[in-house]
Structure formats: C-alpha cells, structure tokens
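Here the structure comes first, spelled out in structure tokens, and everything after it is commentary.
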Amino acid sequence: MDDQTRMLGLGGGLGALSQADVGDPDSARKQQALGQPQQDIGDILQQIMAITDESLDEAQARKHALNCHRMKPALFSVLCEIKEKTVLSIRGVQEEDPPDPQIMRLDNMLLAEGVSGPEKGGGSAAAAAAAAAAGGSPNDGSIEHSDYRAKLAQIRQIYHSELEKYEQACSEFTTHVMNLLREQSRTRPISPKEIERMVAIIHRKFSSIQMQLKQSTCEAVMILRSRFLDARRKRRNFNKQATEVLNEYFYSHLSNPYPSEEAKEELAKKCGITVSQVSNWFGNKRIRYKKNIGKFQEEANLYAVKTAVDAANVSAQASQANSPATPNSGNEADGKR
DNA sequence: TCAAATGATTCCGC
DNA sequence: GCGGAATCATTTGA
C-alpha cells in the first residue's frame, strides 16, 4: 500500500481531496496548517491496510465505516482522476473510431434496396429497374414486380424485427452494466467517464453483431435480385405476332440477315421486345438456319410468298390511290391472302 | 414424360 | 463491339 500511497500522491500535503483543490498550493498549505485532514488520511489508509488482516465480519463493519467516512467522496474523486489519467488515457487514443466503411457500404445498399429507410421508394424502384433489365413484357413484368416486392418486404420485416431485438438486447445489457458499475462505484473508483467508455464498448460489440445482420440481409437481397434478374429462369417465348415480324424481316433479307441498329430498334418496337432481344433472335436464327437450311426451307418459302403478296398488296393500294375509278381493286388483293 | 423448340448467356475471334 | 458457335435453361407440344 505504501507504493500505492506514493503513486496516488497521498503521502504529503494532499489536503482536501476535492478535485477543485488538487494542484492548488494555497489550499494545500491551508489544509496542512490545520493538521487534522492529513491525520485523517493517514487513519483511513491505516484502516484500509488493516482490513485484509481482519475477520470477515470485522472487515464488513470496517468497510461500512469507511464507506460512511466524510473523506470518502474526496478520496474516490482523486482515485478516479488518477485512474483516468493513467489506465484509461492509454485506451483513449483508439476510442474515436471513424465510421466503418463496410458498415457504410452495407447501409447504403440496404437503403438503396429499400430494406432500411422509408418503406416506399427504393424497393419498388429497384424492382422496376430489375423488371426492366429482365426484359420481360410489361404484362408479366407487373406480376414479377409484385412478387419481388413481396419477397423484399419479407426480408425487410425480418431485418427490422431482428434489428429491434438487437437494439433491445443492447439497451438492456447497457442498463444492466451501468447499474452494475454504479453499484460497484460505491466500493471502487469508477468515474462516470469510465461508465461512458464501457457503454461505448458494449455498443461497438453490438454494432458488430448488427453488421453481421446487415451482411446477411444484403446477401438475401442479392440472391433475390439475381433470381429475379436471371432471365433464363423466366424465359418466355415471344408471341406469335412478334415471331412473325422477325421472321418476315429475316426471310425478306435472307441474302443479308443483319438488321442495322435502326432496323433493330424498329423491330423491337413492333414486337414489344428489347433491341438486345432482337439481336439475340437474329443471332440464333442465322446460326440455326445455316445449320439446317433444309428444315427451314418450307418456312422460308412461306415467308417469301407472304412478302410477295404483301408487296403486291402495297402496289395495288398505291395504284388504287392513283386511279379512283377502280374502287374494288383493293379487295382483290385482300382475297389473295 | 420427354424430345424439340427457343430465348439467353458465354466464350472466342475479328 | 459485333457476330458465330456452343451451351444452358425453360417452354411447348405430342
């Protein structure tokens, strides 16, 4: 205890132990002149030293007496201050953590996907974007959209309920630890700052658990999105009209079945599909036609006739427009179809 | 249920 | 970046 006494600076001229007076030479001098407080400190230290040699009952009684001693708050205050300056200052350096970039990324993603933050907006926007990327027709897109939203809402609900649980547990645990430390602060020097630090440590621990929750939520959203976006899983055959339009173009340009960008856009608009779907279709068609010309010959003939008829139809309509005296010529052309 | 058809993706060469 | 070729995954029809 002598070492401790020296370390704590209690040996000489401590005087009144209030923090305000520490380091105040005038105050110390005044107290020393009085003589009494120094003697009190000596008594207290003697009593503390003697506690371990006493029986349990005696020690309890002594502790109680010390607890009620008028110098106790001042002594605690000094001990707290010294503890603050020595032990805790070492840890203090690493306490002001910058925001974790990983948590920030996860938060941003969860916000963008509409899992965290306001309920409306992000989620449906993401679903709409996903639906557009999937390239599905507008009709089935809405079905997929609602399906996606329902699943996203499910993830959101689980995320929030888990988050609530963690927050509640964190709050309960923090309260418990704070009460415990306050209780202990009656028998050992624990400053409010130290309690704050402990609370911060608990929060850091719980935030790492929260990060795991956020990570797994992000994974769930990614899986949902990839399933939703994986067009191969929900391939739909183009409707008959679209296939007809594409085939007409293909067989009428059989010598050079490579539509320009403008032609692709035009075809995409006509068929209600995307330009890349048109490109895919032509890619597949060229290769499959080339591989088995015989098989496609019948189809080629069919569309050749159809094209010829349509051309004749157009020219007939044109001549009808030029000679209003023959009003029935258009019907003949229709009859050929 | 299964083979064929079909739309999408991936890899590679130009 | 585009197109050919191979392949995958799903739909369709017998």
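- One can place CD1 of A:I287 at 7 Å from P of C:dA6, the figure rounded to the nearest angstrom.
- Of the listed nucleotides (B:dG7, B:dA8, B:dA5), B:dA8 has the atom at the smallest distance from the side chain of A:Q277.
- Taking only side-chain atoms of A:K291, from C-beta outward, the nucleotide of B:dT9, C:dA6, C:dG4 with the closest atom is C:dA6.
- Of all the heavy atoms in A:Y249 and A:S260, the pair that sits closest is OH-N, 4.4 Å.
- The CZ-C1' distance, from A:F282 to B:dT9, rounds to 19 Å in whole Å.
- Residue A:K264 is classed as a sugar-phosphate contact, given heavy-atom separations below 4.0 Å to backbone atoms only.
- Going from atom CG of A:N239 over to atom C1' of B:dG7 covers 14 Å, rounded to whole Å.
- Candidate nucleotides B:dA5, B:dA8, C:dT11 were compared by shortest atom distance to the side chain of A:R236, and C:dT11 ranks first.
- One atom, NZ of A:K240, and another, C1' of B:dG7, lie 19 Å apart when rounded to the nearest Å.
- Note: A:Y289 and A:Y251 have perpendicular aromatic rings, judged against thresholds of 30 and 60 degrees for the angle between ring planes.
- Ion pairing of A:E299 with A:K285 is present here, as a side-chain N (NZ or NE/NH1/NH2) and a carboxylate O approach within less than 4.0 Å.
- Between A:K193 and A:E196 there is no salt bridge, since none of the side-chain N atoms of the basic residue sits less than 4.0 Å from a carboxylate O of the acidic one.
- Spacing between atom CZ of A:R286 and atom C1' of C:dC2 amounts to 9 Å, rounded to whole angstrom units.
- In the helix from B:dT1-C:dA14 to B:dC14-C:dG1, the end axes, each obtained as the rotation axis mapping the C1' atoms of four pairs onto the next four within a five-pair block, lie 0° apart to the nearest 10 degrees.
- Remark: C1' of B:dT6 and OH of A:Y289 are 19 Å apart, rounded to the nearest angstrom.
- For B:dG7, neither phosphate oxygen OP1 nor OP2 lies less than 4.0 angstrom from any side-chain nitrogen or oxygen of A:K285.
- In this structure, A:N247 atom CG and B:dA5 atom P are separated by 14 Å, rounded to whole Å.
- Set against B:dG7, B:dA5, C:dA5, the side chain of A:F238 has B:dG7 as its closest nucleotide.
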A:H203/A:V199 under side chain to side chain contact (heavy atoms under 4.5 Å, CB included): CA gap, chis, key distance, verdict: CA-CA 6 Å; A:H203 285 176; A:V199 168; 3.6 Å; yes

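- Without hydrogens or angle criteria, A:S171 side chain to A:E167 main chain gives no donor-acceptor distance under 3.5 Å.
- Residue A:N237 is classed as a sugar-phosphate contact, given heavy-atom separations below 4.0 Å to backbone atoms only.
- Where A:R288 and A:E261 meet DNA chain C, the nucleotide closest to each residue was compared, and A:E261 sits on the side nearer the 5' end.
- If you chain together hydrophobic residues whose side chains sit under 4.5 Å apart, A:L254 and A:V245 fall into the same group.
- Where A:N284 and A:S279 meet DNA chain C, the nucleotide closest to each residue was compared, and A:S279 sits on the side nearer the 5' end.
- The distance from atom CG of A:N280 to atom P of C:dC2 is 12 Å, rounded to the nearest whole Å.
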